[in-house]
Amino acid sequence: MIKNYEKNIKIFKALGEINRVKIVDMLSTGEKCACIILENFHFTQPTLSHHMKVLMDCGVVKCRKEGTWMYYSLDVESCDELMRFLNSILTNNQRCICSSKCIDKNE
């Protein structure tokens, strides 16, 4: 697995804000209209737009426009890649990323 540290750290930074994590949690149940998302928070529409832009820029969320409404959903492929990345760095690996400078864990 090729680890894309830069892409994934951008996602982690985006998820470092509690309202964005709550939005992602909401979207985990399926696509939502911006108006539905906004009903669950105590901030303005421009603030929601900012949060959604951050989540879209890092690739976690995608959107589509229908008339005057914006609909948001999780980018499942991107979220799956993030989960694989997180799993790969949090599990017991045989080799360190600095394998030529470090001793293998089994040695």
Side-chain angles (χ1 to χ4, degrees):
M1 172 184 189
I2 297 173
K3 296 179 182 176
N4 189 335
Y5 294 102
E6 291 81 15
K7 176 184 176 186
N8 289 299
I9 198 65
K10 188 174 180 182
I11 295 171
F12 292 139
K13 285 180 180 181
L15 295 176
E17 204 283 332
I18 192 167
N19 290 311
R20 292 187 201 126
V21 173
K22 290 178 180 180
I23 291 167
V24 168
D25 190 17
M26 287 180 69
L27 296 177
S28 71
T29 64
E31 182 181 71
K32 302 279 183 293
C33 177
C35 59
I36 299 299
I37 297 169
L38 194 56
E39 287 176 1
N40 292 278
F41 294 94
H42 298 289
F43 50 68
T44 64
Q45 187 278 324
T47 300
L48 176 63
S49 292
H50 169 73
H51 288 310
M52 300 315 292
K53 180 177 179 356
V54 171
L55 291 170
M56 288 186 301
D57 286 350
C58 73
V60 171
V61 171
K62 57 186 178 179
C63 73
R64 68 179 180 86
K65 188 172 183 170
E66 189 173 302
T68 58
W69 299 106
M70 295 297 287
Y71 289 85
Y72 297 97
S73 61
L74 293 181
D75 185 323
V76 177
E77 185 176 315
S78 181
C79 291
D80 287 347
E81 286 177 21
L82 177 65
M83 293 302 293
R84 285 191 297 274
F85 171 79
L86 194 54
N87 187 50
S88 76
I89 64 172
L90 293 178
T91 55
N92 189 12
N93 294 302
Q94 295 302 311
R95 289 216 170 270
C96 175
I97 61 170
C98 58
S99 60
S100 64
K101 297 175 187 166
C102 295
I103 299 172
D104 285 347
K105 292 178 184 177
N106 289 335
E107 294 180 356

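Counting begins at 1 with the first residue of the sequence. Just so you know, these numbers use all the heavy atoms, side chains as well, and skip hydrogens, waters and symmetry mates. Predicted model only: the values in this text are computed from it and were never measured.
In this structure, CG on L55 lies 10.5 Å from CG on N19, to the nearest 0.5 angstrom. Interatomic distance, N87 CG to L82 CG, rounded to the nearest 0.5 Å: 11.0 Å. Atom-to-atom distance recorded for C58:SG and D75:CG is 9.5 Å, nearest 0.5 angstrom.
If you run side chain to side chain contact (heavy atoms under 4.5 Å, CB included) between I23 and each of L74, V61, L15, L48, only L48 comes through.
The environment of L90 atom CG is dense: over 12 non-hydrogen atoms of other residues, nucleotides or ligands sit within 6.0 angstrom.
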Counting only pairs under 3.5 Å, give me each side-chain donor-acceptor contact of residues 66-73, with atom names and distances, residues two or more places apart or in other chains.
{"from": "E66", "atom 1": "OE1", "to": "R64", "atom 2": "NH1", "distance (Å)": "2.7"}

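Put simply, the side chain of C63 does not reach to within 4.5 Å of the side chain of M52, judged on heavy atoms. Counting heavy atoms from C-beta outward, S28 and D25 have side chains that approach closer than 4.5 Å.
Residues L27 and I36 are members of separate hydrophobic clusters, defined by side-chain heavy-atom contacts under 4.5 angstrom among Ile, Leu, Val, Met, Phe, Trp and Tyr.
Looking at residues two or more places apart in sequence or on another chain, you find no side-chain hydrogen bond (donor to acceptor under 3.5 Å, both in side chains) involving S78. The side-chain contact (heavy atoms from CB on, under 4.5 Å) test applied to Q45 returns L38, S49, not counting sequence neighbours. With sequence neighbours excluded, the residues satisfying side-chain hydrogen bond (donor to acceptor under 3.5 Å, both in side chains) with D57 are K53. Considering only residues two or more places apart in sequence or on other chains, F41 meets the ring-ring contact (aromatic ring centres under 6.0 Å, His included) condition with F43. Residues forming a side-chain hydrogen bond (donor to acceptor under 3.5 Å, both in side chains) with D80 (at least two apart in sequence, or on another chain): none. Remark: T29 engages K32 in a side-chain hydrogen bond (donor to acceptor under 3.5 Å, both in side chains) (not counting sequence neighbours). V54 pairs by the side-chain contact (heavy atoms from CB on, under 4.5 Å) definition with A14, R20, H50, not counting sequence neighbours. Residues satisfying the salt bridge (Lys or Arg N to Asp or Glu O under 4.0 Å) criterion with K10, sequence neighbours excluded, are absent altogether.
Between Y5 and F85, the angle of the ring planes goes over 60°, which puts this pair in the perpendicular group of the 30/60° scheme.
In terms of heavy atoms, I37 sits closest to M26 at CA-CE, 3.7 Å.
Under the salt bridge (charged side-chain N to carboxylate O under 4.0 Å, His left out) criterion, no residue pair touches residues 35-47, with sequence neighbours excluded.
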